[in-house]
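Everything below concerns the one structure shown next.
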Amino acid sequence: MRLHSLTISAFGPFPDTVTVDLDSLAHDGLFLIHGPTGSGKTTILDALAFGLYGRVPGARNDAAQFRSQFAAPTTPTEVTLEFSAQGRRYRVRRNPAYDRPKRRGTGTVTEKAGAQLLRWDGTEWAGLGRTATEVQAHITRALQLTADQFTKIVLLPQGEFAAFLRAAPQEREPILRRLFATEHFTAVEDRLAEAARGARSRMTAVSAQRTALIDRALAVHGADLPRPTAEHPDVGDVESVLGPSRAIGIERLESAQVVRDEAESAAARSGESARAARERLRDRTRLRELRDLERIHEDGAEDRRRIRTQQERIREATVLRPALHELRDAEEKHRLSAESDAAARRTLASALTDLAPGASARTADALADLGRTITGAAQRLARSLAHREALVAEAADADRAVEDQVERNRTADAELARTRERRAAIEDELSGESAVAAQTERAREALRRSAEQLAAAERFAALGTALSAARSEAAERRTDQERARTEYEDIRRRRIEGIAAELSAELSPGDACPVCGSSEHPAPASPAGPAVGRAAEEQAHATWEERQSAALRALERTARLEEQHAQARTEAGSKSVETSGAAHAEAQRELSDLEDRLRRLQELRAESGRLETALATLAEAAQERETRLAALRSAAVSIRGRLDQLEASEAARAARDLERAGLTAPASPQAAEEVADHGERITAAAAEASRAAGVLTDASDALRRRREVFESGLQDSSFDGVDDLRSALGLDAQRLAAEDRAHEERWTRIALMRESDWYPVALADTADDDELAALTAAEDALEELWRARVTDAVERLAVARRHVADLDALRSEFRSRTAEDEAELDGLRTDIALSGLVQATSPENVRRISLSSYALVALFADVAANASERLRVMSRGRYSLVHDDVIHRREKRAGLGLQVVDGFTQERRDPRTLSGGESFMAALALALGLADTVRATAGGIELDSLFIDEGFGTLDPDALSEVLGILDELREGGRTVGVISHVQGMLQAIPNQIVLESSPTGSRIRVDVRT
């Protein structure tokens, strides 16, 4: 990697744009950067780091104050750097976030941080990235260095390596981790730690399974067995519970089998005795039952004879029952027929009461014909009367409709006349509408011109007031700016004169001087007058900048107001605000009056259109009304003609038919309907009387025949009469049959019981009933007792068998996976042990150092070896650096210690005991050795540019000569080395220089290249 050129704009103390051609300094390979304190020597290195990585080394990056306080507001803040890496040339441009003036208007706006990367393709610059993320990815890939690595091996910062040299081992570790890529070792530690956590979790799960198995075994038979106390039970712990538990189970199973067999044998013997006793008691009960049946059978002899007699009477009565029932049916039918005949005669006589005398003497058929004649005539008369009433009502409705239509025609004609008069009046008023519209448009134009005149006059007056105030403010701001500039230049001058005293005031015994790097301060400078600090200078400069910006803003505002005031004068003319306002008010009033008149005329125009439409509608409606009136009058005449025709029609003929039947003709349709109903009743009553007479004759003949058949059968039977027959039919045949069956079944049961095997045994048993009952109860109780003992023994045996089976299943389950679990546990223990070893938590790691730390120790040993070679040359063989990997007091881990070997005494020393010059040489050697190691671990990248910012002022002439020799070696192979120093010997020894000059308005850069 080689740096070619650096361009800085408004960055740090540099107010303008300056360019440093680093290629012009690369011919000799060594150049010096020097200038007074605070002139910006370190800022050049900051600009290099910012251009490549967007950040600066150390705490200065946290302040994020990159913009120059001396720069003009319009000068942009940016850094442009050209460099080469891996055979390609790049140009990167970056700018930090800063405030700049707005392009339009006043005030400031924040310019966002930006980045751009270009690559030279041989003919032109081609873009690679336009965002900070894209640019950084390309640069890191090209340089193969992180920002921390770049600031440690390319930019050797002021004082940092001296602090690294004196640091404690635990303080060096985070610095080395940032420089060396040991993340893969940390990843290995994390992977092994994750595996160990999984292993512990799995071991806990296996142990939990074994503990649960032990608990299940102890819950079965091992309540008295000792429980294993190990956190992770092994195979022996589990077997120490399963084996004895199974032995106890087998012993209990065998004991339960013996108890069950004895109980079953005793229960069988007791059951036989109980069954014999129950059998004797059962035989005694049967014998008593037999004696009771025999006694009942002897007592029922008379009842059996009665049953047979009554059953014989029932059989004889059953033969006569059909004839008796037929006689009863015939008598009932004859009675009902006689009643129907009498009722029909009464109904017919009632229907004939309104007819002429002698009508009742007619036959039923003649009366039926008469009824039909009356019904037909009355129905015809009812229809005629109803039709006449409808025609009369229709004629009345037609007359009313004609009268209503005549009245509606008169009302509509009046409305039509009024509408015509209203429209004529509106048309007369609308004749001047066009003139009013033209006047309104002229009034609107006049109002617009008066409004513009008024606005121009008001704006001219307001701008005049604002312009006077702006001119006064601009004069005040110019005075404030000049006063602030004078104060700042005075404070800046006094601060530069007392800068040495300010630096000496910040020194502490034992701390390195920021100018020369020495930790000894024999003659610190004293202030010549009142001290002026950096804060006062910065405050004065900020005040000057603020007032300068305020003056610029005031001038810009005054110029804008003057331009606006001149334009407003042209627009306003010579009229004042009062005159323009009065004219504008008069124009408003005139326009308002004209607009009111125009709106009124527009409303009348709309009303005239509506009235025209209404007139056409009314005229059409008038014609329709006349047509409707003529139709109504024609309909009324037609209805009255039909009514006259009806008077001499069917109604007269129907009335004459009714009068011949002896009835008066009705005058209304309702009365005619009643007469028709009367005729229908006569017809129905005559037909019913004829039918009832025929039915009565048939019923009389059937009754005579049934009586003759029944009396013949009764004479041939054993019954004394009808009542005796009815008494026999009233007997319950089913009940008698059931009583007879009960007697037969009782006798059959007696015979069967006498022939049974138990009968002679029961007759021979002489024991009384109480003795048999007591014996049976005792035998049953004894049998129940032994059966309960058998049930308990069987249950205990089942429990014992289940316990043994459970233990066998547990043991089989455990042994089936023991080999697999043990193999897995061996691997898990190995994972846990390996994780403890690489993480330094295992006692086997006696040095208490993790894998990633061990890698850092190895790299640091290489750094110490490379640095020792440099230090031996600088110190003319006296000093060398050695790696110290011993754990000292108050140290947690070993490996990052560093000691200095004094060749004069061959003793090891702490680096903190070195003098200022010795400490500088050791720090420089350490920086160079670290750069060599980082470069080697990064894949052997080539670093063709190197910058050293260290305190060369602590070296004596001989030591300085040796250091210059080392620097001379560093430029071999085309490398360019830049050194920051103000030591006089360096000025004389290094001809190529970047010279920085400071002033109250900022710093300047001059490049001196001597050929």
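Everything quoted here is computed from the prediction, not taken from an experiment. Side chains included, hydrogens not; waters and symmetry mates left out as well; all remaining heavy atoms used.
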Hey, could you give me the [atom1]/[atom2] distance between [X] and [Y], rounded to the nearest 0.5 Å?
| X | Y | atom1 | atom2 | answer |
| --- | --- | --- | --- | --- |
| I33 | I44 | CD1 | CD1 | 5.0 Å |
| N866 | S868 | CG | OG | 9.5 Å |
| Y879 | R872 | OH | CZ | 14.5 Å |

Report the relative orientation of the aromatic rings in F11 and F50; use parallel for angles under 30°, tilted for 30 to 60°, perpendicular for over 60°.
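It falls in the tilted class, 30° to 60°.
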My understanding is that only residues two or more places apart in sequence, or in another chain, count here; which of them pass side chain to side chain contact (heavy atoms under 4.5 Å, CB included) with [X]?
| X | answer |
| --- | --- |
| A864 | H883, L898 |
| P991 | R1010 |
| S999 | T1001 |
| T17 | T7, S9 |

Between Q136 and R94, does any side-chain donor sit less than 3.5 Å from a side-chain acceptor?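 Their side chains do contain a donor-acceptor pair, which is all the 3.5 Å distance test asks for.
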For the pair N95 (side chain) and G114 (backbone), establish whether a donor and an acceptor sit closer than 3.5 Å, ignoring hydrogens and angles.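 Yes; at least one donor-acceptor contact below 3.5 Å.
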E546 CD: over 12 foreign heavy atoms closer than 6.0 Å:
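Counting other residues, nucleotides and ligands, CD of E546 stays at 12 neighbours or fewer.
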Please name all residues satisfying salt bridge (Lys or Arg N to Asp or Glu O under 4.0 Å) with [X], sequence neighbours left out, ordered by chain then number.
| X | result |
| --- | --- |
| R91 | E82 |
| R93 | E78 |
| E487 | none |

Point to revise | Non-neighbouring partners of R485 that pass side chain to side chain donor-acceptor pair (under 3.5 Å), sequence neighbours left out | key: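 R485: side chain to side chain donor-acceptor pair (under 3.5 Å) contacts with E482, E489.
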Worksheet entry | With sequence neighbours excluded, residues passing side chain to side chain donor-acceptor pair (under 3.5 Å) with S5 |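 For S5, no residue satisfies side chain to side chain donor-acceptor pair (under 3.5 Å) once neighbours in sequence are set aside.
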Open item on the list: I'd like to check the ring-ring contact (aromatic ring centres under 6.0 Å, His included) partners of H541; sequence neighbours left out, ordered by chain and number.
Closed with: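 If we apply the ring-ring contact (aromatic ring centres under 6.0 Å, His included) test to H541, skipping adjacent residues, the hits are F70, Y488, W544.
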| Residues which pass ring-ring contact (aromatic ring centres under 6.0 Å, His included) with F83, listed by chain and number, not counting sequence neighbours |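 ring-ring contact (aromatic ring centres under 6.0 Å, His included) list for F83, sorted by chain: Y90.
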All N/O donor-acceptor pairs, side-chain side in residues 97-104, below 3.5 Å, sequence neighbours left out:
residue : atom : partner : partner atom : Å
D99     : OD1  : T110    : OG1          : 3.0
R100    : NE   : E111    : OE1          : 2.6

Against L81, only a single residue in I8, I139, L6 fulfils side-chain contact (heavy atoms from CB on, under 4.5 Å); can you say which?
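Exactly one candidate clears the test, L6.
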